[in-house]
Amino acid sequence: MNLQAKPQRTATIAPQLLERFVAIVGEKYALTDPQAQAPYLVEMRDLYRGYTPVVLRPGSVAEVSAILRLANETRTAVVPQGGNTGLVGGQIPLNGEIVLSLNRLDRIREVDPVSNTMTAEAGVTLQRAREAAARAGRLYPQLLPSEGTCTIGGNLATNAGGTAALAYGIARAHALGLEVVLADGRVLNNLNKLKKDNTGYDLKDLFIGAEGTLGIITAAVLRLVPRPRAVETAYAAVSSPQAAVDLLGVAAERTAGAVTSFELMARAGVEAVFRYDAKSRDPLGRPYGWYVLIELSSQQESGLRDALEGILAEGHERGLVLDATIAESLEQAKAFWRIRELFGEVQRHIGASIKHDVSVPVAAIPAFIADADAAVTQFIPGSKTLPFGHLGDGNIHYNVMQPATMAKADFLAQWHAVNKVVFEVVRKHGGSISAEHGIGVMKRDILPDYKDPVALDLMRGLKKLLDPNGILNPGKVL
Ligand code: FAD
Ligand code: ZN
């Protein structure tokens, strides 16, 4: 399945211009060989493939600046790329743009445990940032299953969410300051460590979530938090999505802010994990329809286990929890998380799926799932749905599975039509068509149907102001 409309092509650029770009980074870091370029041109699910005259791998902010200055002067389009784990095609050069890879900008410039900040360059992987924070006795609280590959720059450019957003917020909440190279090559130095800075418009928020369309993030000051002293994890079967929402309420009420994660999983996905992942076992004795993975964390060393037991006991009494188990060790907690983390990946073994990363108000999740299930199965009879994800954030990864009786290609040809069916239900419940992954190219054409027209107008105005020549990731988002 390839969602891009255009056939594979070869990118062209005037040889003299190419030479000027190459001279900025040096030949070693300007990839023109197709084999060397290959990993930058296709995203991991192979939904999008691109082509480019050159992949530039600058090693300094000054080089990024020089590249953009030249690109702007010569109206040469550029696609920024971090770890290439984005899920909406935003990082792929679909129209022969130059790829600007940030992964050599990978210095952690400073960790300041007193101010609780870390200054990291865009190409630092999330995992390295978390490890650096841990070495200083702190937590960098962004957590994505793609942490080994995705980068700080990519996380901020997509305003990534993940499994700890319930307690700590999404990427936007983690950035205190940014360094950004603008389309004309100027460097916006906004690398402050301040929580409080009311000296005008908050410019950094423009670039966070802009998917590389307004500027290139080269570094960020990230907010660190204390490392929790106690963590408890439960794997619980619940009677329904409504029961899961009610249990979240119980957990929030009984623990005052200790709920770090509250993840929902439908049985069919859990079952696929047990079937296709040799390392995973069902933590409960028999199958149930719905599960939640609950993680509590606290600065207090004692009492958390009691709190989790209290939540589950009340849930049981009220008929919300059907069965549950609490991790007895770090290993067991990891095994519970493995089920959740593999949830998305193993689905390919049970057929093709059409995916959505939507959000609705938490209270509307049960009605959203019921209404979307009804609408989807009416549209594609025999299809099954597989909702899972960050229930605590109202963010459901709503996957529609290929019916056994339908050919994969025929099913996937319905991708955008199925999106429309689901998005109408999202609209009805006051939700968003993208809670995490962004718009990229995947949802670009449908965005105007769901975004307030005045908001879209302002977005176009900002794009014109910051990138008048349209060189930054053109054709993405807008
Ligand atoms: P890329 O994929 O390289 O780029 C993403 C976008 O950002 C592109 O538009 C690109 O042009 C732009 N960009 C990249 N770097 C910069 C920069 N320095 N300056 C300006 N623009 C830039 N996402 C979630 O939100 N939550 C999840 O739980 C989650 N789980 C995932 C699990 C898996 C297994 C995978 C594969 C992906 C998951 N994602 C998730 C999606 C993805 O990991 C995130 O979007 C991540 O933030 C992308 O980072 P990246 O460095 O790979 O960016
Ligand atoms: Zn997610």
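Every number for a ligand or one of its atoms is a count from 1 in the order of the listing.
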Looking only at protein heavy atoms, which one is nearest to [atom], and how far off is it?
{"atom": "atom 32 (C) of ligand 1", "result": "Pro145 CB, 3.8 Å"}
{"atom": "atom 9 (O) of ligand 1", "result": "Glu211 O, 3.2 Å"}
{"atom": "atom 4 (O) of ligand 1", "result": "Gln91 CB, 3.5 Å"}
{"atom": "atom 1 (P) of ligand 1", "result": "Asn84 N, 3.6 Å"}
{"atom": "atom 13 (N) of ligand 1", "result": "Ala157 CB, 3.6 Å"}
{"atom": "atom 46 (C) of ligand 1", "result": "Asn155 ND2, 3.6 Å"}
{"atom": "atom 53 (O) of ligand 1", "result": "Gly154 CA, 3.5 Å"}
{"atom": "atom 50 (P) of ligand 1", "result": "Gly83 N, 3.4 Å"}

Say whether, by atom type as modelled, one donor and one acceptor occur between the side chain of [X] and the main chain of [Y] under 3.5 angstrom.
{"X": "Glu110", "Y": "Thr119", "answer": "no"}
{"X": "Lys443", "Y": "Gly438", "answer": "yes"}
{"X": "Asp357", "Y": "Glu436", "answer": "yes"}
{"X": "Arg104", "Y": "Arg57", "answer": "yes"}
{"X": "Arg172", "Y": "Ile208", "answer": "yes"}
{"X": "Gln402", "Y": "Ala352", "answer": "yes"}
{"X": "Thr52", "Y": "Glu97", "answer": "yes"}

Under 3.5 Å between any N/O of [X] and any N/O of ligand 1: does that happen in this structure?
{"X": "Leu144", "answer": "no"}
{"X": "Gly82", "answer": "yes"}
{"X": "Gly86", "answer": "yes"}
{"X": "Thr163", "answer": "no"}
{"X": "Gly161", "answer": "yes"}
{"X": "Cys150", "answer": "no"}

Could you list the atoms of ligand 1 found under 4.0 angstrom from a heavy atom of [X]?
{"X": "Ala122", "value": "18 (N)"}
{"X": "Leu102", "value": "18 (N)"}
{"X": "Pro80", "value": "10 (C), 11 (O), 21 (N), 22 (C)"}
{"X": "Thr85", "value": "2 (O), 36 (C), 37 (C), 41 (C), 42 (C), 43 (O), 46 (C), 48 (C), 49 (O), 50 (P), 52 (O)"}
{"X": "Thr151", "value": "50 (P), 51 (O)"}
{"X": "Asn473", "value": "9 (O), 11 (O)"}
{"X": "Met44", "value": "36 (C)"}
{"X": "Gly212", "value": "20 (C), 21 (N)"}

To the nearest 0.5 Å, what is the distance between OG1 (Thr32) and CG (Leu56)?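 One finds 10.0 Å between OG1 of Thr32 and CG of Leu56.
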Where on Ile217 is there a heavy atom closer than 4.0 Å to ligand 1, on the side chain, on the backbone, on both, or on neither?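 Contact part for Ile217 vs ligand 1: both backbone and side chain.
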Record the part of His437 in heavy-atom contact with ligand 1 below 4.0 Å; permitted values are side chain, backbone, both and neither. side chain
Do Arg267 and Tyr288 have a side chain donor and acceptor closer than 3.5 Å? no
Distance-only polar pair, side chains of Thr260 and Ser297, donor-acceptor under 3.5 Å: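 There is such a pair (donor and acceptor under 3.5 Å, judged by atom type) between the side chains of Thr260 and Ser297.
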What verdict does the ring pair (Phe, Tyr, Trp, His ring centres under 6.0 Å) test give for Tyr168 and His174, after you've listed the backbone C-alpha separation in whole Å, the side-chain angles of each residue and the deciding distance to 0.1 Å? CA-CA 8 Å; Tyr168 300 108; His174 308 322; 7.5 Å; no
Could you tell me whether the side chain of [Y] reaches within less than 4.5 Å of the side chain of [X], counting heavy atoms only?
{"X": "Leu68", "Y": "Leu182", "result": "no"}
{"X": "Phe262", "Y": "Val292", "result": "yes"}
{"X": "Met401", "Y": "Phe411", "result": "no"}

To the nearest 10°, what's the angle at the Zn ion (ligand 2) between atoms OE1 (Glu436) and NE2 (His390)? 100°
Applying a strict 4.0 Å limit to heavy atoms, is Gly215 in contact with ligand 1?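 Within the 4.0 Å threshold, so yes.
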Among the heavy atoms of Gln81, does any lie under 4.0 Å from an atom of ligand 1? yes
Has His397 got an N/O/S atom less than 2.8 Å from the Zn ion (ligand 2)? yes
Name the option, out of Asp357, Thr158, Ile216, Asn159, that contains the heavy atom nearest to atom 47 (O) of ligand 1. Thr158
Which one of Gly90, Ala165, Gly89, Gly162 has a non-hydrogen atom at the shortest distance from atom 28 (O) of ligand 1?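 The nearest heavy atom belongs to Gly162.
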Any salt bridge linking Glu179 with Arg109? Criterion: basic side-chain nitrogen under 4.0 Å from a carboxylate oxygen. yes
Salt-bridge present (Arg427, Glu424; N to O < 4.0 Å): yes
Side chain to side chain contact (heavy atoms under 4.5 Å, CB included) assessment of Leu224 paired with Val111: CA-CA 9 Å; Leu224 304 180; Val111 179; 4.1 Å; yes
